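In this text, all values refer to a predicted model and were calculated from it rather than measured experimentally. The basis for the numbers below is simple: all heavy atoms, side chains too, and nothing from hydrogens, waters or symmetry mates. Letters A, B, ... are given to chains in the order of the sequence lines, protein chains preceding strands, and every chain is numbered from 1.
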2 protein chains.
Amino acid sequence: MGTHYKGTKEEVRALNTYIKLMRAAESVTARLNPRIASYGLTVSQFGVLEALYHLGPLCQHELAKKLLKSSGNITLVIDNLEKRGFVRRRRERVDRRLVRVRLTPRGRRLIQDIFPGHVAAIVQEMSALTSREQDTLARLCRKLGLKQQK
Amino acid sequence: MGTHYKGTKEEVRALNTYIKLMRAAESVTARLNPRIASYGLTVSQFGVLEALYHLGPLCQHELAKKLLKSSGNITLVIDNLEKRGFVRRRRERVDRRLVRVRLTPRGRRLIQDIFPGHVAAIVQEMSALTSREQDTLARLCRKLGLKQQK
DNA sequence: CTTCAATCGTTCGATATCAAATGGTTTGAC
DNA sequence: GTCAAACCATTTGATATCGAACGATTGAAG
């Protein structure tokens, strides 16, 4: 299992941990995906709606940062959400470089419909771990995710 | 940090763990990416070369399963690798439905060039955690990744 | 043998994703 | 005040990615 690479103990351990981390993230995503897709949304679209729902109207570069995507990508995702009437763009008056994105009533209804089941599905996924284990996992992931200067 | 969602303790914990897991995977990937890209490869292309390197020639559906991608996707990735002369396709004689993919000498040289540095980069990433923590993370991720029959 | 279901790779249409280039806008330095 | 640097969204061209439809091949059931 894990890796077939022959290396030092340290290397094998790091590779194994890396692979397990990626697999876990991919597997959980793959199992959560169908629910979101069943509402006709992609993961990115869902991410945008969810961010707007919980944080209020945001500029596109804020969404890009929040979702770890390029600004060009966000432009497209917003395009597709706007076409279907879930969000609305408005150019800022004070700083005309910015485009503020907000949920339409229709978009708000959609995310309100989806979100409770989404949370339930995540709770279900995480039920493979005890509360203690979940906290440990979160802590270790956080250490890994942090920007390391070097 | 984590989530802005107001829910039960269990829900907040699960959501927080989920977000941290996804962030960690994305962050590590994002930091590993530039190295691979500097060789003119995408992550998927690298994944294929690495699998062929360590496991030997494989059929496309085996690659798809290994990399958790659709068969249609693998077709395209192999197309692009083949165009550049890193892999070669050959139709199986016994079972003519199968297409076996193998590294060319050029492809082998490339992955041999890249891989050591890739391992070093992963070791560097994982150095944010102690050996003990890495093992714990791997174990918890493994529990999460496993298929759970409802 | 024949036929039918399963398997495998490809194609298609839609969306995602990035990096780089572009054009409009703002801000800071002078 | 002017101008250059920084910032923001969009566009473009390439690759990724999926699901679904498709055609070829195989295997199994009769």
Side-chain angles (χ1 to χ4, degrees), chain A residues 22 25-27 29-49 57-84 86-102, chain B residues 22 25-27 29-49 57-84 86-102:
Chain A
M22 295 302 152
E26 286 167 6
S27 299
T29 300
R31 289 192 293 260
L32 253 30
N33 232 343
R35 246 194 56 79
I36 293 176
S38 75
Y39 286 87
L41 292 179
T42 68
V43 172
S44 289
Q45 291 171 350
F46 176 80
V48 167
L49 295 184
L58 296 172
C59 295
Q60 295 193 187
H61 74 277
E62 291 174 317
L63 282 168
K65 188 166 26 166
K66 199 58 82 182
L67 305 179
L68 300 178
K69 307 287 160 160
S70 69
S71 65
N73 180 25
I74 293 298
T75 292
L76 177 70
V77 175
I78 301 295
D79 280 351
N80 289 327
L81 285 172
E82 199 175 30
K83 270 183 213 156
R84 295 167 60 194
F86 296 135
V87 304
R88 190 162 44 105
R89 276 180 167 104
R90 202 184 330 162
R91 185 67 66 171
E92 281 289 318
R93 295 174 180 273
V94 268
D95 186 341
R96 293 186 41 73
R97 290 172 300 183
L98 307 183
V99 172
R100 192 156 302 266
V101 183
R102 62 182 64 242
Chain B
M22 295 302 152
E26 285 167 7
S27 298
T29 300
R31 290 192 294 260
L32 253 29
N33 232 341
R35 245 194 57 80
I36 293 175
S38 75
Y39 286 87
L41 292 180
T42 67
V43 171
S44 289
Q45 290 171 350
F46 176 80
V48 168
L49 295 184
L58 296 173
C59 296
Q60 293 191 191
H61 74 278
E62 292 174 317
L63 283 168
K65 188 169 15 171
K66 200 59 82 180
L67 305 178
L68 300 179
K69 306 287 160 157
S70 69
S71 64
N73 180 26
I74 293 298
T75 292
L76 178 69
V77 175
I78 301 294
D79 280 350
N80 288 327
L81 285 172
E82 199 175 31
K83 269 184 214 156
R84 294 166 60 192
F86 295 136
V87 304
R88 191 163 44 107
R89 274 180 169 106
R90 203 188 324 167
R91 184 67 65 170
E92 280 289 318
R93 297 177 180 270
V94 271
D95 187 340
R96 292 186 43 73
R97 289 172 302 184
L98 307 183
V99 173
R100 193 156 302 268
V101 183
R102 62 182 65 243

Open item on the list: Is there a side-chain contact between B:Leu63 and B:Lys69 in this structure, where contact means two heavy atoms from C-beta onward sitting under 4.5 Å apart?
Closed with: no
Open item on the list: Please give me the minimum heavy-atom distance between B:Ile74 and B:Gln60, naming the atom from each residue.
Closed with: CG2-O, 3.9 Å
Task: Taking every non-hydrogen atom, the tightest pair across B:Glu62 and B:Cys59 - done: OE1-N, 2.7 Å
Open item on the list: Nearest whole Å is fine: how far is D:dA9 P from A:Gln60 CD?
Closed with: 5 Å
- [ ] Describe the nucleic acid contact of A:Leu63 in one word from base, sugar-phosphate, nothing, applying a heavy-atom distance below 4.0 Å.
- [x] nothing
Open item on the list: On the nucleotide C:dT10, are OP1 or OP2 found under 4.0 Å from the side-chain N or O atoms that B:Arg89 carries?
Closed with: yes
- [ ] Give one of base, sugar-phosphate or nothing for B:Val94, where a contact means two heavy atoms less than 4.0 Å apart.
- [x] sugar-phosphate
Open item on the list: Do A:Leu67 and B:Glu26 make a side-chain contact, defined as non-hydrogen atoms from C-beta onward lying under 4.5 Å apart?
Closed with: no
- [ ] Name the residue closer to the 5' end of DNA chain C, choosing between A:Gly72 and A:Arg97 according to the nucleotide with the nearest heavy atom.
- [x] A:Gly72
TODO: May I ask you to verify if any side-chain N or O of A:Asn73 is less than 4.0 angstrom from the OP1 or OP2 atom of C:dC18?
DONE: yes
Open item on the list: Rounded to whole Å, how long is the line connecting atom CD of A:Gln45 with atom P of D:dT17?
Closed with: 18 Å
Open item on the list: Salt bridge check, B:Asp95 against B:Arg100: does any charged N sit closer than 4.0 Å to a carboxylate O?
Closed with: no
TODO: Quickly work out the B:Leu58 CG to C:dG9 P distance and round it to whole Å.
DONE: 11 Å
Open item on the list: For D:dC7 and A:His61 - does any side-chain N or O of the residue sit under 4.0 Å from the phosphate oxygens OP1/OP2?
Closed with: no
Task: Among C:dT26, C:dT10, D:dT25, the one nearest B:Arg96 by side-chain distance - done: D:dT25
Open item on the list: Taking any heavy-atom pair under 4.0 Å as a contact, classify A:Leu81: base, sugar-phosphate, or nothing.
Closed with: nothing
- [ ] Take the protein atom CG of B:Leu76 and the nucleotide atom P of C:dT15, then report the distance between them rounded to whole Å.
- [x] 18 Å
Task: Nearest to side-chain heavy atoms of B:Asp95, which nucleotide of D:dT25, C:dT10, D:dT10 - done: D:dT25
Task: Atom-to-atom span, CG of A:Asp79 to P of C:dT17 - whole angstrom - done: 14 Å
Open item on the list: For C:dT15 and A:Arg84 - does any side-chain N or O of the residue sit under 4.0 Å from the phosphate oxygens OP1/OP2?
Closed with: no
Task: D:dA16 OP1/OP2 closer than 4.0 Å to side-chain N/O of B:Thr42 - done: yes
Open item on the list: OP1 or OP2 of C:dA16 versus the side-chain N and O atoms of A:Asn80: is any pair under 4.0 Å?
Closed with: yes
- [ ] Check the distance between C:dG9's C1' and B:Glu82's CD and give it to me in whole angstrom.
- [x] 13 Å
Task: For atom NZ of A:Lys83 and atom P of C:dT15, their distance in whole Å - done: 6 Å
Open item on the list: Whole angstroms only, please: what is the CG-P distance between A:Asn33 and C:dA16?
Closed with: 12 Å
